[in-house]
Amino acid sequence: MSDKVKTIGVLTSGGDAPGMNAAVRAVVRSAIYHGMNVIGIKKGYNGLINGDMEQMSLRSVSEIIHKGGTVLYTARCEEFRYDEGIEKGKQSCLDNGIDGIVVIGGDGSFRGARDLSLKGIPCVGIPGTIDNDISSTEYTVGYDTAMNTAIDMIDKLRDTSQSHDRCSVVEVMGRHAGHIALNAGIACGATAILVEEVPYSMEEVAQRINNTMKTGKHHFIVVVSEGVGHVDEIAKEIEELTGVESRATVLGHVQRGGSPTVRDRVVASEMGCYAVGLLEKGIGNRVVAMQNGRITDFDILEALNMKKEFDHNLYKMAMEISI
Ligand code: ADP
């Protein structure tokens, strides 16, 4: 164990995601395994500022690997966006003997982690969001579960749209990123996938439906990403342009819940252990990431400035086979 880091804190911040518990568990277990002490900080940076924290033990993370949500709770903390809030966070670390923090969350949470690192408290971020919209990593904890939840729901909608010869227009989450929409769209055989990254017109969507109808298909699924939105209007336009009765459904927050998939549990565990490994060496101001399927890490600012490409080839393939 390094002389520098004896006690680490762990917190979850921003939107929750299935698999956050698996990450917390890995952080706690790995840190204890390596002879460190772990403090669980509640409700994101709020708990750090307010001293809302608890001593973690091997058993305090038992029976959580399969649970959605986060046992540490999560929240947004406006105060932490400002220097005064960061100073309070730093002071709280000094008061509570916290030498480093693992922050599980998204880009916003990583900005806080960077600010605190620059004040001398090493912090390491773990990407936790269902949206997979963090540029530095191919994969974010929660993404796989969210897509599988979306698919479960869309399969149910498919049954009813098939019975009624309808078009089901389904909005999936992802904020401004179309990754969930693209993958869920492929996996459910959607006739059209509308994402912010690819320009579309309703005439084209109607054309796809009409062409498919000519080959004998009478029910359709159109997957729409959250950033595109307006599913009611899209359904109405499809109905007007094609004559196919259309219904809009917003899947919403169900996609944030549920028991994490194997992939989310495994990646969360790997990233949790990796983050502890960095802090053990006294290394902070880093985010853990997956690149080419391997776990690695980046400077937080470098990570925040990276660009993530939408998979246009995959989109093109989806359009080729959904005819
Ligand atoms: P996410 O981490 O999922 O992107 P948010 O953007 O809401 O979610 O950020 C979560 C929390 O991270 C915020 O409530 C705040 O406490 C902290 N945070 C966000 N942006 C900054 C920033 N620029 N500087 C410091 N802390 C920030």
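For ligands, and for the atoms within them, numbers begin at 1 and follow the listed sequence.
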Heavy-atom contacts with ligand 1 below 4.0 Å: which residues, ordered by chain and residue number?
S13, G14, G15, Y45, R76, C77, F80, R81, G106, D107, G108, S109, R111, G112, D115
A cation-pi test, strictly: NZ or CZ of R208 under 6.0 Å from the centre of the six-membered ring of Y200 and no more than 45 degrees from its axis. Yes or no?
no
K119 bridged to D83 by N-O distance under 4.0 Å:
yes
Is R247 salt-bridged to E245, cutoff N-O under 4.0 Å?
yes
Will you find, in the side chains of Y73 and N46, an N or O donor that is under 3.5 Å from an N or O acceptor?
no
If only side-chain N and O atoms count, and only distance matters, is there a donor-acceptor pair under 3.5 Å linking T70 with T12?
yes
Not counting sequence neighbours, list each pair that qualifies as a salt bridge (charged side-chain N to carboxylate O under 4.0 Å, His left out) and has a residue in residues 282-291.
R286-D297
